[in-house]
Amino acid sequence: MTRPWRPAPGPVVCIGETMAALAPDPPSPLQNAEQLRLSVAGAESNVAMYLADHGISATWLSAVGDDPLGRRVRATVAAAGVDVSHVRTDPHRPTGLLVKDPGPAGTRVHYYRTGSAASALGPDALDSPAVRTASLMHLTGITPALSESCRELVKRALATPADERPYAVSFDVNHRPALWPDGTAPGVLLRLADRADIVFVGLDEAQGLWGEDLTAAGIRALFPRPRIVVVKDGANTATALTEEATYTVPALRTTVVEAVGAGDAFAAGFLTGLLRGATTERALRLGHITAVSALEVTGDHGPLPEEKETERLLALSAQEWAERAGVTV
């Protein structure tokens with residue numbers, strides 16, 4: 001029997017923009033808020049922070065402005081145990097900002113990131129020592145939408161065939177429609193993701209990009225090159241389609257405070273499992289466990305459960321896990 005592919009254990013480098021974030025505290029429509037909470041928000045740094053929580057060596061590679069928000073962003077990510085020594089400070093461009101506006105229909109996000117320091121990142125970022133020593137690079141579909149130079153960065157990272165790269169690449173599609181006003185997102189994201197080793201995509205996200213009737217199997221057919229495609233179906237299931245088989249694990253039930261950041265947390269948990277040589281099912285479980293940490297807080301980054309609780313959940317039988325997920329077996 002062929003041994004399932006896994007990225008080599010080692011450090012992970014996450015490349016992409018992180019912004020300062022303002023949100024009403026407690027959550028309420030922005031126009032009615034009396035207080036705002038300042039935090040940070042960035043898909044790639046979220047993944048890096050959750051990886052560090054799991055004990056994986058993680059580096060965040062990006063750029064921030066030479067301003068108070070940039071210093072806040074850098075300090076917050078560093079405080080989570082992430083290496084930020086390769087983050088560039090740009091004296092000419094500001095740190096990006098987002099503002100969350102919670103409402104009955106969900107949270108709307110307003111971005112102020114045009115011309116930001118991170119949008120000036122380019123292919124030369126890949127010359128960093130952090131990249132040369134990484135076993136895994138994590139990218140998202142947000143970065144190629146920020147600027148032409150950012151798109152060239154991602155293209156260069158994925159240009160070398162997978163079996164010739166010194167590192168594996170995971171790519172979270174992370175489609176942000178507001179960043180793709182020209183309608184090029186479906187084609188660009190499809191081509192980029194298909195060159196990665198691991199792809200993360202939401203079922204509804206894929207259906208919106210490439211066809212409303214798509215199933216997990218249909219999404220896998222769109223991506224013949226990646227070794228693993230993970231299709232997330234919201235609060236229902238996550239399915240990993242590998243070169244050997246298909247694995248589906250239901251999501252754990254929890255009280256959702258805010259869904260933003262849960263996909264990043266899931267990706268970090270799943271990648272942690274792979275880097276530790278876990279089975280695909282166990283990696284999916286760890287993804288769900290980590291996602292709960294984000295769902296139960298207003299920010300993007302929440303505390304993981306105690307290690308004993310994590311191990312207890314991972315050790316549940318399939319039926320016990322299904323019961324925790326509210327699924328009838």
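Side chains are part of it too, since the values below use all heavy atoms of this structure and drop only hydrogens, waters and symmetry mates. Keep in mind that what you see is a predicted model, and the values were worked out from it rather than measured.
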Evaluate side chain to side chain contact (heavy atoms under 4.5 Å, CB included) for M19 paired with S116, printing each intermediate quantity in order.
-> CA-CA 9 Å; M19 297 167 286; S116 68; over 6 Å; no

Contact list for residues 179-201, test side-chain hydrogen bond (donor to acceptor under 3.5 Å, both in side chains), sequence neighbours left out | R165-D197, D182-T184, D197-R227

For D213, what residues pass the side-chain contact (heavy atoms from CB on, under 4.5 Å) criterion, not counting sequence neighbours?
-> none

Heavy atoms, side chains only, cut-off 4.5 Å: are L275 and P7 in contact?
-> yes

Partners passing salt bridge (charged side-chain N to carboxylate O under 4.0 Å, His left out) against E44 (at least two apart in sequence or in another chain) | none

Note, D264 side chain near T140 side chain (heavy atom, < 4.5 Å) = no

Sequence-distant partners of A251, side-chain contact (heavy atoms from CB on, under 4.5 Å), two or more places apart = H288

Shortest non-hydrogen contact between A157 and L126, atoms and distance | N-CD1, 3.5 Å

Given side chains that start at C-beta, do those of T95 and R72 come closer than 4.5 Å, heavy atoms only?
-> no

Over all atoms of both residues, closest heavy-atom pair of A193 and P226 | O-CG, 3.7 Å

Contacts of A58 that satisfy side-chain contact (heavy atoms from CB on, under 4.5 Å) - sequence neighbours left out = A48, L51

Taking atom types as modelled, find out whether R74 and T89 have a side-chain donor-acceptor pair closer than 3.5 angstrom.
-> yes

Does some side-chain heavy atom of T18 sit less than 4.5 Å from a side-chain heavy atom of S62?
-> no

Below 4.0 angstrom, N of the basic side chain to O of the carboxylate: do R93 and D66 qualify?
-> no

Quick one: do T215 and R220 satisfy side chain to side chain donor-acceptor pair (under 3.5 Å)? Show the steps, please.
-> CA-CA 9 Å; T215 61; R220 171 79 238 202; over 6 Å; no

Within a strict 4.5 Å, meaning less than it, do heavy atoms of the L314 and I289 side chains meet?
-> yes

Over all atoms of both residues, closest heavy-atom pair of S149 and P123 = O-CD, 3.8 Å

Closest non-hydrogen atom pair, L189 against F171 | CD2-CZ, 4.3 Å

Single-linkage hydrophobic cluster, 4.5 Å side-chain cutoff, Y167 and L271 together = no

Name each donor-acceptor pair under 3.5 Å that joins a side chain in residues 205-212 to protein atoms two or more places apart or in another chain, with its distance.
unit_1, atom_1, unit_2, atom_2, d
E205, OE1, G202, N, 2.9
E205, OE2, N174, N, 3.1
E205, OE2, H175, N, 2.6
Q207, NE2, L214, O, 3.0
W210, NE1, P186, O, 2.9

Side chain to side chain contact (heavy atoms under 4.5 Å, CB included) between H86 and I15, worked out = CA-CA 10 Å; H86 302 278; I15 306 176; over 6 Å; no

Residue pair L22 / L38, side-chain heavy-atom distance below 4.5 Å = yes

Name all pairs fulfilling the salt bridge (Lys or Arg N to Asp or Glu O under 4.0 Å) condition that reach into residues 55-65, sequence neighbours left out, sorted by first residue then second.
-> none

Residue pairs fulfilling ring-ring contact (aromatic ring centres under 6.0 Å, His included) with at least one residue in residues 184-207, sequence neighbours excluded | F200-F270

For atom CZ of R312, is the number of surrounding heavy atoms from other residues, nucleotides or ligands below 6.0 Å larger than 12?
-> yes

All heavy atoms of A80 vs all of D53, minimum pair found to be O-OD1, 4.1 Å

Distance-only, no hydrogens or angles: does the R71 side chain make a donor-acceptor pair with backbone N or O of V64 under 3.5 Å?
-> no

Across all chains, not counting sequence neighbours, the side-chain contact (heavy atoms from CB on, under 4.5 Å) partners of P104 are none

Can you list every pair that meets salt bridge (Lys or Arg N to Asp or Glu O under 4.0 Å) and has a residue in residues 277-294, with sequence neighbours left out?
-> R282-E311

Side chain T237, main chain D233, donor-acceptor under 3.5 Å = no

All pairs passing ring-ring contact (aromatic ring centres under 6.0 Å, His included) where residues 102-140 contributes a residue, at least two apart | none

What one should report as the nearest heavy-atom pair of P94 and D67 is CA-OD2, 3.5 Å

Sub-4.5 Å side-chain heavy-atom contact between I56 and Y50 | no

Do the non-hydrogen side-chain atoms of W5 and I198 ever get within less than 4.5 Å of each other?
-> yes

For T242, the side-chain hydrogen bond (donor to acceptor under 3.5 Å, both in side chains) test, sequence neighbours excluded, returns E244

Does Q35 CD have over 12 foreign heavy atoms under 6.0 Å away?
-> no

